[in-house]
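These notes concern the structure reproduced below.
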Amino acid sequence: MTRTTYSNPDLHCHSTVSDGTLEPEAVAARARANGVDLWALTDHDEVGGLQRAAAAARAQGMAFLTGAEISVTFAGTTVHIVGLGFDASDERLVQGLRQTRGGRGERAQEMAAQLAQVGILGAYEGALRYVGNPELISRTHFARFLVEQRVCRDTGEVFRRFLTEGKPGFVPHRWARLGDAVRWICDAGGVAIIAHPARYSLSANEEFALFSEFRQHGGQGVEVVTGSHTSAECATYAGMAREFGLAASRGSDFHSPDESHTDLGTLPPLPSDLTPVWDLLADRIQHA
Ligand code: AMP
Ligand code: MN
Ligand code: MN
Ligand code: MN
């Protein structure tokens, strides 16, 4: 197997196919302009942008991996699992993602009903104006509407005041099971990765259970360097990667030039003793 060394992989970001604001081609161009040499598009619960992304990566001369970020419910909390390098036409994966997307429309209606109770009217229709994929209305689209309406100054303020547990507009939702999401990815030939682990409100015991069960189900990676982690959190999860024998991933979680604090291709490198997830994916990489 020939192994190429990559200096600037970015393996987590979003397009208009989920809650990003750029089309897949524009995300590819921005990644390339920022020096990314291995790129994956990881839209939420959706693989519908991957053909366009792969073609754009090829046109840009950039190596590419298929990707998706699957919403999972674990210990009553939403956890995100990134899958990379899978066969995007795999029937079970496609069906699993369709199931996971199902229910977003109804959830959005309930979110709007709650917001109406605190005087914010028309949020469902307002959020829909920001939606690129009708099957993927997300909290981010509501956040953009609330900023547009000047209810909040930016999307960060929206998630502090609304749409999260205990705040108006929060509707609990049951996503995929951890074992199912990991198996969909692995059975389609990909590698499963725990996304931005520092973002979850899990107790130490629950976090240990997440990592243990994830491994037992066949999960192989954890995001260590991500736009969602401080440098201290990178160090913490580098330690977890060592403890659990997981490979490490690196991704900006870029959504939009106006909203994302971390741009594509601008993250620090992985700690050099960790196995990069792309070493596990050498034969799944689509070379330019
Ligand atoms: P959903 O899948 O509809 O629950 O929406 C989740 C999305 O909301 C995440 O993928 C982020 O893009 C966004 N999000 C969640 N929490 C925050 C936050 N605190 N600040 C900004 N965006 C957030
Ligand atoms: Mn998102
Ligand atoms: Mn996420
Ligand atoms: Mn993400």
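We count residues from 1, following the sequence as given. Every number for a ligand or one of its atoms is a count from 1 in the order of the listing.
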- request: Taking atom types as modelled, find out whether Glu110 and His173 have a side-chain donor-acceptor pair closer than 3.5 angstrom.
  value: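 Looking only at side-chain atoms, His173 and Glu110 do not form any donor-acceptor pair under 3.5 Å.
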- prompt: Do His229 and Glu223 have side-chain N/O donor and acceptor atoms under 3.5 Å apart?
  reply: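 Per modelled atom types, His229 and Glu223 side chains form no pair under 3.5 Å.
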field: Test side-chain hydrogen bond (donor to acceptor under 3.5 Å, both in side chains) applied to Ser252 and Thr226, Thr266, Asp263, Asp10, the passing residue
entry: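 Looking at Thr226, Thr266, Asp263, Asp10, the match for Ser252 under the side-chain hydrogen bond (donor to acceptor under 3.5 Å, both in side chains) is Asp10.
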message: With rounding to the nearest 0.5 angstrom, report the OG to CH2 distance, Ser249 to Trp278.
response: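 The distance works out to 6.5 Å.
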- request: Any chance you could lay out the ring pair (Phe, Tyr, Trp, His ring centres under 6.0 Å) test for Phe244 and Phe208, step after step, and finish with the verdict?
  value: CA-CA 10 Å; Phe244 285 87; Phe208 185 87; 5.5 Å; yes
- request: For the Mn ion (ligand 2), find the closest N/O/S atom belonging to Asp19 and write down its atom name.
  value: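 Minimum-distance N/O/S atom of Asp19 relative to the Mn ion (ligand 2) is OD2.
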- prompt: Arg101 side chain to Asp45 main-chain N or O, any donor-acceptor pair under 3.5 Å?
  reply: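 Checking the backbone N and O of Asp45 against the side chain of Arg101, a donor-acceptor pair under 3.5 Å is found.
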query: In the shown structure, where waters are left out, how many protein N, O or S atoms lie under 2.8 Å from the Mn ion (ligand 4)?
result: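 With waters ignored, the protein N/O/S count below 2.8 Å is 4.
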